[in-house]
Amino acid sequence: MNRGLLSIAKKLNKQVDVPTSCAPNSKLFVAGLSWSVDEKSLKDAFCSFGEVTEVYLVDACDLVRIMYDKDSGRSRGFGFVSFSKEDQAVSAKDAMDGKALLGRPLRISFALEKVRGGPVVVPRVPNTGGTPDRNH
DNA sequence: GTTGAGCGTT
């Protein structure tokens, strides 16, 4: 037995699991956008990875959403891009992350599963004391 | 006319 190899193997056997926040999914969090970047520009930048058909270019991204400030109406500089397949999202991230759009470098990360309104509560009748017999 | 890390419905 070679303990040296075991030691090295143990060192190499490091945890490779990534946090859920960084887990690849079909949604991408794009930040570092310029103030003048709109959804159209972002879509044009990301949907270039779509599949090319005989006639049209199929957009890979299903949804492109940029967060705007409701007070001033200007973009907050970040947005979200949704893809049909995780592979496309990973490819798009790998290809566009670190690149520059409209003069500003992009910071792309996998989006968190954020839902409007926060944690959704299962609709349930607040009557947990058991259903009392109304008239019987 | 401004600012620059971030995780969402403007």
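Throughout, a chain's letter reflects where its sequence line sits, starting with A, and its residues are numbered from 1. The figures that follow rest on heavy atoms only: side chains count, while hydrogens, waters and symmetry mates do not. Predicted, not measured: the structure shown is a model, and the values here were computed from it.
Regarding Ile66(A), its CD1 atom lies at a distance of 20 Å from the P atom of dG4(B), rounded to whole Å. If you take NZ of Lys93(A) and P of dC7(B), they are 15 Å apart, rounded to a whole angstrom. Between Ile108(A) atom CD1 and dG6(B) atom C1' there is a gap of 14 Å when expressed in whole angstrom units. For the pair Asp38(A) CG and dT9(B) C1', the interatomic distance rounds to 17 Å; values are reported in whole Å. Rounding to whole angstrom units, CG of residue Leu63(A) and C1' of dT9(B) are separated by 10 Å. Straight-line distance from the CZ atom of Phe110(A) to the P atom of dC7(B): 16 Å, rounded to whole Å. Following rounding to the nearest Å, Leu112(A) (CG) and dA5(B) (C1') show an atom-to-atom distance of 14 Å. Across the protein-nucleic acid pair, Met67(A) atom CE and dT9(B) atom C1' stand 5 Å apart, rounded to whole Å.
Taking only side-chain atoms of Phe78(A), from C-beta outward, the nucleotide of dT9(B), dG6(B), dC7(B) with the closest atom is dG6(B). Nearest nucleotide to the Phe29(A) side chain, out of dT9(B), dG4(B), dG6(B): dG6(B).
If you find the closest nucleotide of DNA chain B to Asp69(A) and to Phe80(A), the one lying nearer the 5' end belongs to Phe80(A). Of the residues near DNA chain B, Asp71(A) and Ser109(A), the one whose nearest nucleotide (by heavy atom distance) lies more toward the 5' end is Ser109(A).
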Return the polar atom pairs (N/O with N/O) between nucleotides 1-3 of chain B and the protein under 3.5 Å, or none.
residue	atom	partner	partner atom	Å
dT2(B)	OP2	Arg74(A)	NH1	3.3

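Heavy atoms of Gly32(A) sit under 4.0 angstrom from at least one base atom. The residue Leu28(A) sits apart from the nucleic acid: no heavy atom pair falls under 4.0 Å. Residue-level contact check: Ser72(A) touches neither bases nor backbone, having no heavy atom under 4.0 Å from any strand.
With sequence neighbours excluded, no residue forms a ring pair (Phe, Tyr, Trp, His ring centres under 6.0 Å) with Tyr68(A).
Between Ile108(A) and Ala92(A) the shortest heavy-atom distance is CD1-O, 4.4 Å. Across all their heavy atoms, Gly32(A) and Arg104(A) have their closest contact at O-CB, 3.6 Å. When all heavy atoms of Ser26(A) and Glu86(A) are compared, the closest pair comes out as OG-CG, 3.5 Å.
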Pair Ser41(A), Asp38(A) - check side chain to side chain donor-acceptor pair (under 3.5 Å), show working.
CA-CA 5 Å; Ser41(A) 300; Asp38(A) 54 358; 2.6 Å; yes
What's the verdict on side chain to side chain donor-acceptor pair (under 3.5 Å) for Asp69(A) and Ser72(A), showing C-alpha distance, side-chain angles and the deciding distance?
CA-CA 6 Å; Asp69(A) 183 78; Ser72(A) 60; 3.0 Å; yes
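Residue side chain Arg107(A) reaches the base of dG6(B) through a donor-acceptor N/O pair under 3.5 Å, judged by distance alone.
Here the side chain of Asp97(A) pairs no donor or acceptor atom with the backbone of Ala95(A) at under 3.5 angstrom.
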